[in-house]
Amino acid sequence: MRIKIEKLDNFGRGICYVNNKICFVENALPNEEVEIEIIKENSKYIEANTKKIYVESPIRTEEDCIYSNLCGGCNLNHICYNEENKFKKEKLKDLIKKYAHINPDIIEKIEYHDRNHYRNKIILHGNKESLGLYKKNSNEIIPIQECLLVNPKINEIIKILQKEENEIEEALIKTSNDNSKIMVSIKGKVVNQKELENSCNVLKINNDFITKEQEIETTIGNIKYIESIHSFFQVNNTLTKELYDEVLNSIKDKHYKKALDLYCGTGTIGIYISHYVDRILGVDSNESNIKDANHNKVLNNIKNIEFIQSKVEDRINEFKDIDLIIVDPPRAGLDEKTRKYLKQISPKTIIYVSCDPVTLSRDLNELQEAYDIKKIKPFNMFPRTYHCESITILERR
Ligand SMILES: C[S@@+](CC[C@H](N)C(=O)[O-])C[C@H]1O[C@@H](n2cnc3c(N)ncnc32)[C@H](O)[C@@H]1O
């Protein structure tokens, strides 16, 4: 069926209508005329693939990844980078207008850096025959020799792991934010262990560390950070400093007395801003993160920060006399209890670092009852994918 695409949905899929029913088309761009193949239909919507492009959009770019449309990693390989950045800014505008009734003109310029090789982390899945990434919406493994998103050092490790006799169930590979160090954790059997050991700083196979080093040290700006293999770290090596600088610049002249860094990971943001706030408390539910956070505090000789390992929602009712709260939740955003207590604690400023504009919009809609939205700035931390990071500054009315 030949059809014209009208616009993009939030996942970067083309939207058209078949017999008045909405149809989401993979790999199709606005104003393109394409042949579609329907792969799923129910009473509400249709999903389709692009079989042939009759009229091509000027914003389409050559798909330079050999695994494009095979692995489930990237969905915007076919849009030129400028347009990808525009798409993310527009998506954020649409969502905050639709779900939080915020004037979309508040959205500032989107920050972005490299489209390729920005990621410092990949997880490969394997079985006896192959090692690679999952095919879109399936558990089928697409064997890969390299990934365009990741640091070239990670690609060197992938090649080593692809030795035929290896039987790897899962491989986690990470580089440090300054690209100088590499960590590998393997579940399974590796026959070329020595070669692998010589190519990385930290190697863990099943439950055992093979290398003497068990963590890596890295830097963001002037701050040193320890990172363990299973701890959280921002994945974009080229833009994390800008993200943290945005938080820093928005608070450094305000002299806050007591701050919370909620969903603090390894304490990275709290430590980054610690010279500008009297006291900070970081909260994260992950044991490895909090262990690294305490290590990072000592490493940087920071005396005014404490960390607790807990779910935010289990402790949020205990915090009082706070004038700054930074939240950086996972994609699910803030839970109902946390939203309620944020309003009750009533800090002067809330800084919301978000990786999902949908849950951000839901949460801002509620927080606006007591807060003015002063600024929303998008960051393209995940080029070639539909995901969009942003920072929102809220001031108590
Ligand atoms: C997007 S990361 C942010 C980490 C950190 N701010 C950074 O920049 O590296 C989200 C963090 O939330 C933590 N987390 C997830 N659910 C949580 C919860 N219910 N309570 C506390 N922490 C949680 C995860 O362990 C993860 O470290």
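The figures here come from the full heavy-atom set of this structure, side chains too, leaving out hydrogens, waters and symmetry mates. All ligand and atom numbering here is 1-based and tracks the order in the structure.
His230 and Lys204 form a side-chain donor-acceptor contact under 3.5 Å, judged by distance and modelled atom types alone. Donor-acceptor pairing under 3.5 Å is lacking for the side chains of Asn10 and Tyr386. Inspection of the Ser288 and Ser231 side chains reveals an N or O donor paired with an N or O acceptor under 3.5 Å. Inspection of the Asn237 and Asn179 side chains reveals an N or O donor paired with an N or O acceptor under 3.5 Å.
No option in Lys4, Lys52, Arg60 other than Arg60 meets the salt bridge (Lys or Arg N to Asp or Glu O under 4.0 Å) test with Glu32.
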Donor-acceptor pairs under 3.5 angstrom involving side-chain atoms of residues 77-90: please list them, not counting sequence neighbours.
unit_1	atom_1	unit_2	atom_2	d
Asn77	OD1	Arg384	NH1	2.6
Asn77	ND2	Ser68	OG	2.9
Tyr81	OH	His113	O	3.1
Glu83	OE2	Lys86	NZ	3.1
Glu84	OE1	Arg384	N	3.1
Glu84	OE2	Lys88	NZ	3.2
Glu84	OE2	Asn380	ND2	2.8
Glu84	OE2	Arg384	N	3.1
Asn85	OD1	Asn380	ND2	2.8
Asn85	ND2	Tyr81	O	3.1
Lys88	NZ	Asn380	OD1	2.8
Lys88	NZ	Phe382	O	3.1
Lys88	NZ	Thr385	O	2.7
Lys88	NZ	His387	O	3.0

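Sorted by chain and number, the residues within 4.0 Å of ligand 1 by heavy atom are Phe232, Gln234, Tyr244, Tyr263, Cys264, Gly265, Thr268, Ile269, Asp284, Ser285, Asn286, Asn289, Ser310, Lys311, Val312, Glu313, Asp328, Pro329, Pro330.
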